[in-house]
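To start, the structure under review is shown below, and the notes come after it.
Just so it is clear, the structure is predicted and the values come from calculations on it, not from any experiment. Order of the sequence lines sets the chain letters (A, B, ...), proteins ahead of strands, with each chain counted from 1.
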There are 2 protein chains.
Amino acid sequence: MHFTNDELIEYLRKNNIRPSNIRLKVLKYLLENRNHPTVEDIYHHIIHEIPTLSRTSIYNTVNLFKDRGIVNELSLNEKELRYDINTRLHGHFKCESCGNIYDFQVAENIGDGLKGFVVYKKDINFYGICINCQ
Amino acid sequence: MHFTNDELIEYLRKNNIRPSNIRLKVLKYLLENRNHPTVEDIYHHIIHEIPTLSRTSIYNTVNLFKDRGIVNELSLNEKELRYDINTRLHGHFKCESCGNIYDFQVAENIGDGLKGFVVYKKDINFYGICINCQ
DNA sequence: TAATAAAATTGTAACCATTACAATTTTAAA
DNA sequence: TTTAAAATTGTAATGGTTACAATTTTATTA
């Protein structure tokens with residue numbers, strides 16, 4: 001999947017995020033890879049294009065994206081947090097053997113028992129051994 | 001709910017955990033309160049009964065309980081981890097207003113799409129505003 | 001265009017829950 | 001009692017993330 005600069009700028013503007021060089025590159029990476037990267041992953045990918053890049057800028061960027069609702073922060077019982085550009089409801093499976101993270105479908109009515117509760121974030125994370133590691 | 005010492009000892013022995021004073025007190029606290037406490041919560045509750053108690057002992061104990069499968073570790077996007085003596089499948093709802101953590105039912109067949117995957121941990125955590133804080 | 005303000009970026013230091021580890025104490029076994 | 005094993009303790013280290021001030025870049029206005 002490939003996104004033009006104009007598409008990336010539009011994506012950010014629609015979500016009330018001023019486009020900047022760093023933000024466009026982070027967004028592009030998230031959209032074109034969709035690999036639930038850590039801050040370190042993102043940093044290493046972009047440092048080659050922006051040699052003065054600071055890790056703090058990546059932290060600032062993903063936190064801004066999170067506040068604006070265009071990424072979800074994943075806490076998968078690892079040391080580092082991960083970021084997911086896919087904000088539609090889905091589950092994550094982490095293979096403890098190969099480390100891969102798989103998306104899986106989840107019924108929309110999960111948690112419907114919470115009547116009267118306002119839910120604005122749903123984390124569904126499974127752990128185990130994936131089919132390729134058996 | 002109240003547990004006798006003999007019941008607590010039996011509970012640990014059945015799960016291959018040598019009973020000790022600290023372990024019995026931690027287990028008793030988890031069973032009788034069921035409030036998803038942090039290490040700090042547990043420590044503060046027991047320090048009155050064991051003045052020489054060390055935080056490390058609480059860390060050791062909850063990690064041992066986790067390894068033996070009698071508690072689940074909850075990562076609810078807080079600084080601290082929490083521990084839940086109820087290891088049956090259920091979801092957690094964290095109210096961002098009052099901080100309360102609610103259990104809720106979850107269909108047993110959630111994640112059945114993961115055919116061929118061995119799942120040994122299921123985390124289902126929701127965040128929002130509870131019915132009492134609206 | 002220049003001057004000014006606002007926003008973005010950077011780098012360092014601090015934070016702090018958790019773990020590592022060695023020393024001490026307690027418990028169990030012989 | 002002796003000895004070994006296990007449990008507990010206290011301190012130091014870890015390391016991802018945040019705080020914050022300084023610098024740079026971008027946008028606005030005269």
Hey, are [Y] and [X] close enough side-chain-wise for a donor-acceptor pair under 3.5 Å?
{"X": "B:Glu73", "Y": "B:Tyr83", "result": "yes"}
{"X": "B:His90", "Y": "B:Asp84", "result": "yes"}
{"X": "A:Ser57", "Y": "A:Asn60", "result": "no"}
{"X": "A:Asp103", "Y": "A:His36", "result": "yes"}
{"X": "B:Tyr11", "Y": "B:Asp6", "result": "no"}

Mind checking whether A:Phe93 and B:Phe117 have ring centres under 6.0 Å apart?
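Here the rings of B:Phe117 and A:Phe93 have centres that are less than 6.0 Å from each other.
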For A:Arg34, give me all partners under side-chain contact (heavy atoms from CB on, under 4.5 Å), at least two apart in sequence or on another chain.
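Per chain and number, A:Arg34 pairs via side-chain contact (heavy atoms from CB on, under 4.5 Å) with A:Met1, A:Leu31, A:Ile85, A:Asn86.
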Using the six-membered ring wherever Trp is involved, compare the ring planes of B:Phe104 and B:Phe126 and label them parallel, tilted or perpendicular (cut-offs 30° and 60°).
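Plane angle between 30° and 60°, so tilted.
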Whole Å only: how far is the [atom1] atom of [X] from the [atom2] atom of [N]?
{"X": "B:Glu78", "N": "D:dT17", "atom1": "CD", "atom2": "P", "value": "17 Å"}
{"X": "B:Lys79", "N": "D:dT18", "atom1": "NZ", "atom2": "P", "value": "12 Å"}
{"X": "A:Asn63", "N": "D:dC20", "atom1": "CG", "atom2": "P", "value": "15 Å"}
{"X": "B:Asp67", "N": "C:dT19", "atom1": "CG", "atom2": "P", "value": "10 Å"}
{"X": "A:Asp41", "N": "D:dT17", "atom1": "CG", "atom2": "P", "value": "11 Å"}
{"X": "B:Ile17", "N": "C:dT27", "atom1": "CD1", "atom2": "P", "value": "18 Å"}
{"X": "B:Ile42", "N": "C:dA17", "atom1": "CD1", "atom2": "C1'", "value": "14 Å"}
{"X": "B:Glu80", "N": "C:dT19", "atom1": "CD", "atom2": "P", "value": "13 Å"}

Kindly express the pairing pattern of DNA chain C in dot-bracket notation, using | wherever a base pairs with another strand and counting only Watson-Crick or G-U pairs under 3.5 Å.
||||||||||||||||||||||||||||||
Between A:Tyr59 and D:dT17, does any side-chain N or O lie under 4.0 Å from OP1 or OP2?
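Looking at the OP1 and OP2 atoms of D:dT17, one of them is under 4.0 Å from a side-chain N or O of A:Tyr59.
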What one-letter contact string describes nucleotides 6-12 of chain C from 5' to 3', where B marks a base within less than 4.0 Å of any protein heavy atom, S marks contact via sugar-phosphate atoms alone, and - marks no contact?
-SSSBBB
Could you tell me which non-hydrogen atom of A:His2 sits nearest to which non-hydrogen atom of A:Glu7, and how far apart they are?
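In this case the closest contact between A:His2 and A:Glu7 is O-OE1, 4.1 Å.
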